[in-house]
Novice: 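Pasting a structure below so you can have a look.
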There are 2 protein chains.
Amino acid sequence: MKSTNLYKGSLITIILKLLNEHDSMYGYEITQKVKEITKDELQLTEGALYPALHKLEAQGLLDVEVIKIGNRVRKYYKLTEAGTKETVDKLAELESYIRNMRALVNPKFRLE
Amino acid sequence: MKSTNLYKGSLITIILKLLNEHDSMYGYEITQKVKEITKDELQLTEGALYPALHKLEAQGLLDVEVIKIGNRVRKYYKLTEAGTKETVDKLAELESYIRNMRALVNPKFRLE
DNA sequence: AATATATACATAATTTTCTTATGCATAAAA
DNA sequence: TTTTATGCATAAGAAAATTATGTATATATT
């Protein structure tokens, strides 16, 4: 990632959600999609992305399929069933996080 | 902090905003205020909070005043002028973060 | 034809930020 | 009187990132 500290801890959520939406993606594709959606405001760094993908795979949340494009290799990742469940949890955590941060920084959102 | 990874990197923003709103607070008071606002969903840990306060003070963003309550000590922190400016920046970063994360996880929010 | 940029993966060293554990001490409640 | 709450602090370790490299092919540019 290349941005403010706030993105620390968000990478897994981002990866899972994009895979949830696009079914199958490879690493470089994920970096480009994030750049596109955030209009260059968030740039995933390879040093963060690849280890994160490996970790998710090791946890059984992603399956990987290696494809040769000409002489080059691509690794396509997709969610496992466990990965899909985890995505739901991570998205709920994000909503909770945003709700709490809004309440903390904006008294208007401190309801009931 | 005691919660999901998402809160990583948010502590400074939280501290600055609460001090911006309350003028002067001490460490323990900040932990209680955060608990109250988030209904126990976010608990600041002392191991994170106190070093963060010391760091902000060292950076010239906070001033400290030591008060004796009976035989006990409290350290009241308040924003310096630089601290007030930094608060504005941090809040803008948070809004940007939330906007980008919303766009990433919710295709509906991907407006030009 | 040569060179720069884009595509595509990977890992190691270091830094940042936090958790967990511990320590000291007083005040209030059970 | 013993637990809980108040109030500060720091050190060891873990987690997650940044930064710096490395390898290699494909495409654009000069």
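The chains referred to below are lettered A, B, ... by the order of the sequence lines, with proteins before strands, and numbering in each begins at 1.
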Novice: For B/A52 and B/I12, work out which heavy atoms get closest and say how close.
Specialist: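 Reported closest heavy-atom pair: CB-CD1, 4.1 Å.
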Novice: Does CD belonging to A/E65 count more than 12 external heavy atoms closer than 6.0 Å?
Specialist: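 No, CD of A/E65 has 12 or fewer neighbouring heavy atoms, counting only those of other groups under 6.0 Å.
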Novice: Would you say A/Y26 reaches C/dA8's phosphate, i.e. side-chain N/O to OP1/OP2 under 4.0 Å?
Specialist: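 Checking C/dA8 against A/Y26, a side-chain N or O does come within under 4.0 Å of OP1 or OP2.
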Novice: Below 3.5 Å between N/O atoms, which protein atoms pair up with nucleotides 25-28 of chain D? Just atom names and distances, please.
Specialist:
from, atom 1, to, atom 2, distance (Å)
D/dT25, O2, A/R72, NH1, 2.3
D/dA26, O4', A/R72, NH1, 3.2

Novice: More 5' along DNA chain D: B/H54 or B/Y28, using each one's nearest nucleotide?
Specialist: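 Nearest nucleotide further toward 5': that of B/Y28.
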Novice: Strictly under 6.0 Å, is that where the ring centroids of A/Y26 and A/Y77 end up?
Specialist: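 Centroid distance A/Y26-A/Y77: not below 6.0 Å, so no.
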Novice: Each nucleotide N or O in nucleotides 21-23 of chain C that has a protein N or O under 3.5 Å away: list the pair and distance.
Specialist:
none

Novice: Is there a side-chain polar atom (N or O) of B/K75 under 4.0 Å from OP1 or OP2 of D/dA9?
Specialist: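 Answer yes for this pair, as a side-chain N or O of B/K75 is under 4.0 Å from OP1 or OP2.
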Novice: By nearest atom, which of the nucleotides D/dA9, C/dA10, C/dT17 is closest to the B/K8 side chain?
Specialist: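 The nucleotide sitting nearest to the side chain is C/dT17.
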Novice: Please say yes or no: joined through hydrophobic side-chain contacts below 4.5 Å, possibly via intermediate residues, are B/V88 and B/L19 part of one cluster?
Specialist: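 B/V88 does not cluster with B/L19.
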Novice: If we ignore hydrogens and angles and just use 3.5 Å, is the side chain of A/S24 paired with the main-chain N or O of A/Y76 as donor and acceptor?
Specialist: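 No.
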Novice: In terms of side-chain geometry, is the basic nitrogen of B/E21 or A/R110 positioned less than 4.0 Å from the acidic oxygen of its partner?
Specialist: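 Looking at B/E21 and A/R110, the cut-off is met.
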Novice: Under 4.0 Å, heavy atoms only, any strand: does A/K55 hit a base, just the sugar-phosphate, or nothing?
Specialist: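 It contacts sugar-phosphate atoms only.
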